[in-house]
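Quick note on labels: first sequence line is chain A, next is B, and so on, each numbered from 1. Model, not experiment: these values are computed from the prediction. Hydrogens, waters and symmetry mates are skipped; everything else that's a heavy atom, side chains included, is used.
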Amino acid sequence: MPQALDRLKETPSQTAGPYVHIGLVPSLAGVAGVYPADPGGAIVAPETPGERIRIEGRVFDGDGGLVRDALIESWQADANGIYNAPLDPRQGRCAPGFFGWGRCATDFASGAFAFETIKPGPVPGPRDSMMAPHICLWIVARGINLGLSTRLYFPEEEAANAVDPILRRIENPQRRRTLIAQALETEGDGRGYRFDIRLQGEGETVFFAT
Amino acid sequence: MSDTSAGDRAVSERVGSNLRPQADPLIPRDHAWHPPALAPAYKTSVLRSPQRPLVAHEATLSESTGPVFGPESLGPLDNDLLRNYALDGAPIGPRILVHGRLRDERGRGVPGALIEIWQANAGGRYRHRNDGYLAALDPNFGGCGRTLTDAEGRYVFRTVMPGPYPWPNNVNDWRPAHIHFSIFGSGFGQRLITQMYFEGDPHIPLCPILNAIPDAQAVEQLIAPLDMAATAPMDARAYRFDLVLRGRRSTYFETRPEGN
């Protein structure tokens, strides 16, 4: 026998279940007063520089039915492509008031989710590449045994999207389109985008394994 | 692809002279250790499981980094479910401590990690607008808690033992008693949600959700043993539940200004 590698195994995942709100967005479950606010509601602060954007969408199952008990988390860089995280050595230059992480459950009635944030900048990728502006999304719900990872890219970034090393991992160009948000006509400040997530079947969203 | 170079230029102009950041990359996830997306005995997974293969790519800065939650974002009772919702007394049910250590696959403690939990009360009823189970709500129990791991990755919660409850899957399926855990590492790619089960629960071998995990050893990794040594005498029994997140690979041969 060779030496043992002496690695631990990752804790196996289990579904978040239908009552995920109690733990992660308690006010939606009807659990009031334990935390001052549901976590993940402020991706940016009012003083954070950057183009204001609103992302809205819905989650669909394999029958085209609305998934009304999903929870989505987002993680993104600031307008200059810098993450507010100690593992980004540029963190000291991150925009003021920028947190970068958000959490939103789909609405029990309409199935809609929405994030208010700023548009991220391009982020350095593997081997001297640049990744187009993108927002990482993580989706959990009853019936999802392991959280699903995907990315939202922006329709007006055609040139950057064309050379994005992660989008280029997707062989079928039709499938790449599932990750490009749709621009919405908006009134007032900021741009709006629609990003629907299809868990299964026609137009199935690309999900990633890293 | 004729516009590739134009795209490169457009991107680099906006980024300017940023240093190229280097976070140790995450070790690829072993998907065979997790339950598959499609587990037909767990019926809800049938329409909520992607059919296309996951597109694999190495973790980038976007997965290697993640949010940091400071102690200022937590309240003093957040990890004490016996008190954080109590109105006029203690919740009903067996008092327990749930404690353990959060490590990565290389065995290193993960400090400062946010762990959030939620659970049913002792009767198996959730305080949730969509739970209509017959068992009574407990006016002194909310069922959520959170904490940050200490410098060595340790955590502790105080709560009541949750009850088993029936759920609509087959006609007569019951969930084993369990506590839901949500865990952040230092990278968004380490994000994990799981469930803790209790040693000796006869519902464990019957549960379609738990048994979606292919490997028996992986199932055992979710079953917390009674930990008499950590039990508070005349107060609360203890269960120990250790957690492991994806690790990071050391980049021995890449040129890095800060060394390895």
Side-chain angles (χ1 to χ4, degrees), chain A residues 7-19 21-24 26 29-31 34 61-63 75 81 83 85-90 99-101 121-126 130-131 136 138 140-147 159-160 162-163 166 169-170 199-200 204 206-210, chain B residues 3-4 6-8 10-11 15 18 20-21 23 33-35 37 39 44-45 47-48 50-52 54-67 84-85 105 107 116-118 126-129 142-144 180 182 186 188-189 191-195 209 212-213 218 221 243-244 246:
Chain A
R7 294 279 190 272
L8 302 175
K9 296 297 291 184
E10 186 186 11
T11 299
S13 171
Q14 292 274 266
T15 179
Y19 307 125
H21 313 86
I22 299 172
L24 303 192
V31 179
V34 179
D61 70 17
D63 271 349
W75 175 240
Y83 283 102
L87 290 173
D88 188 334
R90 309 164 301 167
F99 188 37
W101 173 81
V123 173
M130 285 303 299
M131 296 189 285
C136 291
W138 187 70
V140 296
R142 176 174 64 101
I144 295 178
N145 286 324
L146 174 66
V163 298
I166 305 306
R169 295 282 298 174
I170 306 164
L199 298 178
Q200 185 187 92
E204 184 176 301
V206 169
F207 299 104
F208 292 107
T210 61
Chain B
D3 58 355
T4 296
D8 277 333
V11 169
V15 173
N18 283 337
R20 198 154 297 281
W33 194 248
H34 293 278
T44 312
S45 77
L47 285 175
R48 295 185 172 192
Q51 293 169 327
R52 303 294 198 112
L54 300 178
V55 174
H57 69 84
E58 64 187 305
T60 71
L61 190 66
S62 302
E63 291 79 29
S64 295
T65 57
N84 71 14
Y85 195 81
E105 289 169 293
E116 299 164 290
I117 66 168
W118 66 101
Y126 283 96
R127 184 171 290 281
H128 190 290
R129 47 179 274 168
C144 66
H180 296 264
S182 159
S186 48
F188 197 55
R191 197 76 182 80
L192 185 70
I193 280 181
T194 191
Q195 302 180 30
I209 290 176
I213 298 173
Q221 207 176 339
L243 294 156
V244 181
R246 293 172 67 183

Colleague: For B:Glu63, is it the side chain, the backbone, both or neither that has a heavy atom under 4.5 Å from a heavy atom of chain A?
Modeller: side chain
Colleague: Sort out for me which of A:Gly62, A:Gly30, A:Pro26 touches chain B most, counting heavy-atom pairs under 4.5 Å.
Modeller: A:Gly62
Colleague: State whether the side chain of A:Ser13 and the backbone N or O of B:Ile193 hold a donor-acceptor pair below 3.5 Å, judged by distance alone.
Modeller: yes
Colleague: In terms of heavy-atom pairs under 4.5 Å, which option from A:Gly17, A:Ala85, A:Pro86, A:Ala16 contacts chain B the most?
Modeller: A:Ala16
Colleague: Tell me, side chain or backbone of A:Val140 under 4.5 Å from chain B's heavy atoms, or both, or neither?
Modeller: side chain
Colleague: Between the side chains of A:Gln14 and B:His180, is a donor N or O closer than 3.5 angstrom to an acceptor N or O?
Modeller: no
Colleague: Between the side chain of A:Thr11 and the main-chain N/O of B:Val244, is any donor-acceptor distance below 3.5 Å?
Modeller: yes
Colleague: Is chain A contacted by the side chain of B:Ile117, its backbone, both, or neither, given a heavy-atom distance below 4.5 Å?
Modeller: backbone
Colleague: Closer than 3.5 angstrom, by distance alone: can the side chain of B:Thr194 be matched with the main-chain N or O of A:Pro12 as a donor-acceptor pair?
Modeller: yes
Colleague: Among A:Phe207, A:Tyr19, A:Trp101, A:Phe208, who wins on heavy-atom pairs under 4.5 Å with chain B?
Modeller: A:Tyr19
Colleague: So what's closer than 4.5 Å to chain A heavy atoms on B:Glu116: side chain, backbone, both or neither?
Modeller: side chain
Colleague: With a 4.5 angstrom heavy-atom cut-off, is it the side chain or the backbone of B:Ala56 that approaches chain A, or both, or neither?
Modeller: both
Colleague: Please look at A:Ile166 and chain B and tell me whether the side chain, the backbone, both or neither of the residue comes under 4.5 angstrom of a heavy atom of that chain.
Modeller: side chain
